[in-house]
Amino acid sequence: MEPAKTIFLAIIFLLLTSALSLANAKIHAHEFVVEATPVKRLCKTHNAITVNGQFPGPTLEINNGDTLVVKVTNKARYNVTIHWHGVRQMRTGWADGPEFVTQCPIRPGGSYTYRFTVQGQEGTLWWHAHSSWLRATVYGALIIRPREGELYPFPKPNHDTPILLGERWDANPIDVVRQATRTGGAPNVSDAYTINGQPGDLYKCSNKDTTVVPIHAGETNLLRVINAALNQPLFFTVANHKLTVVGADASYLKPFTTKVLMLGPGQTTDVLLTADQAPSRYYIAARAYQSAQNAPFDNTTTTAILEYRSPHHGNHSQYHHSKGVKNKRRPIMPPLPAYNDTNTVTAFSRSFRSPRKVEVPTEIDQSLFFAVGLGLNKCPKNFKPNRCQGPNGTRFTASMNNVSFVLPNNVSILQAQYLGIPGVFTTDFPGKPPVKFDYTGNVSRSLWQPIPGTKAHKLKFGSRVEIVLQDTSIVTPENHPIHLHGYDFYIVAEGFGNFDPKKDRAKFNLVDPPLRNTVAVPVNGWAVIRFVADNPGAWLMHCHLDVHIGWGLATVLLVENGVGKLQSIEPPPVDLPLC
């Protein structure tokens, strides 16, 4: 057959298959009712804000190419929004969810329907509240399987199980953050971590409800691990079992094996676990990776149980709780890294590669440098000392490029941008720190107090963007999980100390870097990300430690419309909440 005809037939075949997969695309309709629900943990019952009375909330399962329509009704006493963490939201920024960035909150008694299509993403994402500290209990998994008829790029597992790592206060989390806002000090640390909502055997009043993951010898389980903790990066491991990492943040990876994972809040990691050990019970465990010096943290360990079952044992739900399990031998406990084991974190993150060569932007149109870290505000003259309980009578703050981000409170940034409402934000967020300094060294006290402001940075549609994210040692250096809404990005390099463009550019991986939506910027170090600004809208970029976003460690990237309808944001939905 002559080449032209072959190419023509190949094109027809591709068009037919893509038309078929589009025809198979489904619309999934869900109702989320946000309401207070009594939840008992650690011997005490608290009224927790939940979705549909479930904690964690419902797992949403879709295929690549499907559309979600989720009506959220707020029956709680707090404002609420829902963010679909990691979903690209191409031209549908109105459905992204961060309060006062892309929408006004859903007021008590109100409702709003989020409509969006998930395209070109496969793996594990999640959803969570994006208002105050509500995401402590308002969160759930979002599983994206391959399009119908398409396969995983690894052998199909026998089962898959979402593993949601959470953080529990023996108090109302909203009261915890409000008290810290009043005092200016650091908020109280959590009392427990949880796996699928349960703290596990090592906590009081918890062992009868420990999460159990059943498995049969020889089977492979795809564990979809999500760090939904509010403020803590976490190590994760399974006793005596190797974990093969195959994906993260709904992008596939070149598989590698490891004993331990580290996930910053917001990150997801898909791992294959094969039941190749002696049939028994093995602890699945997670505890803190703590990189900030001298900062208090929750040093407890959450556990679930990987339980080998004999083939005739019927129950093979994804996971369940071990109510009434008696006389079972104690599970084997795995070793976990030391709390401050940065070397393990570095070795883990340096193992990440895309499965094949990828199209990384090489020519850069907009080169940005964001210094990220903490700060201290001097006590305002009209404040009593009990309102300045940070170090030496100060109040904690945080910033990017010396700007401490302040959310608007009467209209969202995206609405203001779309409708041309002046006075809501400015577009003078600096593309580099206003003052160059030794970021990871001994920083002059004159640089510890940032300037508050609602400042955004403009990006032209289609521009190729590079951002250097540089940790600072102001107050304390720390590993910051930086999340960019509306985008995935390539992490082309990371390192320690101050980023040096002359020598560090040689370390860039421009062949097969991993694609992520949240980057763990190394403590006392830096990371470099690249992406093409192909999604118009107002996109929040922030530290996913909620204590830091509250202090102002955030900015907004305003991506302008391109040419024509397909390069422009859709008009706002009619039911977009009013402020």
Side-chain angles (χ1 to χ4, degrees), residues 349 360-375 397-405 426-444 446-451 453-460 463-475 477-485 487-510 513 516-533 539-544 548-549 552-559:
S349 67
V360 191
T362 47
E363 310 271 306
I364 298 300
D365 302 304
Q366 282 182 273
S367 183
L368 305 170
F369 186 109
F370 292 176
V372 301
L374 305 184
T397 183
S399 68
M400 292 175 97
N401 282 355
N402 205 45
V403 178
S404 186
F405 189 74
T426 57
T427 55
D428 55 348
F429 182 85
K432 58 179 196 292
V435 176
K436 219 174 159 178
F437 59 97
D438 178 4
Y439 306 106
T440 53
N442 204 347
V443 182
S444 154
S446 63
L447 296 170
W448 284 39
Q449 179 157 325
I451 291 143
T454 311
K455 295 176 186 284
H457 193 90
K458 271 189 169 171
L459 297 175
K460 280 214 175 340
S463 60
R464 295 158 296 184
V465 184
E466 175 182 280
I467 307 179
V468 176
L469 295 160
Q470 171 74 59
D471 185 30
T472 79
S473 58
I474 296 171
V475 184
E478 190 166 356
N479 182 297
H480 293 280
I482 302 293
H483 172 47
L484 174 57
H485 289 229
Y487 283 88
D488 287 324
F489 46 73
Y490 290 109
I491 305 174
V492 297
E494 52 181 54
F496 291 99
N498 299 337
F499 176 73
D500 178 345
K502 286 194 189 66
K503 69 176 203 300
D504 290 331
R505 286 195 182 278
K507 301 173 190 159
F508 284 14
N509 174 6
L510 301 176
R516 303 288 311 246
N517 63 53
T518 304
V519 55
V521 177
V523 54
N524 246 324
W526 50 269
V528 181
I529 66 169
R530 288 185 176 186
F531 61 94
V532 177
W539 304 110
L540 188 63
M541 186 178 203
H542 65 95
C543 180
H544 217 280
H548 292 176
I549 187 176
L553 213 170
T555 187
V556 167
L557 300 182
L558 274 183
V559 180

[atom1] of [X] to [atom2] of [Y]: how many Å apart, nearest 0.5 Å?
{"X": "L484", "Y": "I529", "atom1": "CG", "atom2": "CD1", "answer": "6.0 Å"}
{"X": "T555", "Y": "I482", "atom1": "OG1", "atom2": "CD1", "answer": "11.0 Å"}
{"X": "R464", "Y": "I364", "atom1": "CZ", "atom2": "CD1", "answer": "7.5 Å"}
{"X": "E466", "Y": "F489", "atom1": "CD", "atom2": "CZ", "answer": "13.5 Å"}
{"X": "N498", "Y": "Q470", "atom1": "CG", "atom2": "CD", "answer": "5.0 Å"}
{"X": "I467", "Y": "L459", "atom1": "CD1", "atom2": "CG", "answer": "7.0 Å"}

Shortest non-hydrogen contact from [X] to [Y]?
{"X": "F508", "Y": "A493", "answer": "CD1-CB, 3.5 Å"}
{"X": "T440", "Y": "N524", "answer": "CB-OD1, 3.0 Å"}
{"X": "I549", "Y": "C543", "answer": "CB-O, 3.8 Å"}
{"X": "N401", "Y": "P430", "answer": "ND2-O, 3.0 Å"}
{"X": "V403", "Y": "G453", "answer": "CG1-O, 4.0 Å"}
{"X": "P450", "Y": "A398", "answer": "CG-O, 4.3 Å"}

Any heavy-atom pair between the side chains of [Y] and [X] that's under 4.5 Å?
{"X": "L553", "Y": "V372", "answer": "yes"}
{"X": "Y490", "Y": "L510", "answer": "no"}
{"X": "H457", "Y": "M541", "answer": "no"}
{"X": "V360", "Y": "P513", "answer": "yes"}
{"X": "V556", "Y": "F405", "answer": "yes"}
{"X": "L557", "Y": "F531", "answer": "yes"}

Report the residue from V475, I474, D438 that forms a side-chain contact (heavy atoms from CB on, under 4.5 Å) with V443.
->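 The side-chain contact (heavy atoms from CB on, under 4.5 Å) with V443 is passed solely by I474 among V475, I474, D438.
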Measure up the F429 and F370 rings against each other and bin them: parallel (under 30°), tilted (30 to 60°), perpendicular (over 60°).
->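 Perpendicular, since the angle between the ring planes exceeds 60°.
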Geometric class of the Y439/F369 ring pair [parallel <30°, tilted 30-60°, perpendicular >60°] | tilted
Do the side chain of [X] and the main chain of [Y] share a donor and acceptor less than 3.5 angstrom apart?
{"X": "W526", "Y": "D500", "value": "no"}
{"X": "E478", "Y": "P522", "value": "no"}
{"X": "T397", "Y": "Q449", "value": "no"}
{"X": "E494", "Y": "G525", "value": "no"}
{"X": "S463", "Y": "V465", "value": "no"}

Please lay out, stage by stage, how D488 and N517 fare under the test side-chain contact (heavy atoms from CB on, under 4.5 Å).
-> CA-CA 5 Å; D488 287 324; N517 63 53; 3.7 Å; yes
Taking atom NZ of K432 as the centre, does the number of heavy atoms from other residues, nucleotides or ligands within less than 6.0 Å exceed 12?
-> no
Determine, stepwise, if the pair K460 / D365 fulfils side-chain contact (heavy atoms from CB on, under 4.5 Å).
-> CA-CA 9 Å; K460 280 214 175 340; D365 302 304; over 6 Å; no
Derivation and outcome, side chain to side chain donor-acceptor pair (under 3.5 Å), residues H548 and H542 = CA-CA 8 Å; H548 292 176; H542 65 95; over 6 Å; no
Going through the distances and angles, do V519 and L469 end up as a side-chain contact (heavy atoms from CB on, under 4.5 Å)?
-> CA-CA 9 Å; V519 55; L469 295 160; 3.7 Å; yes
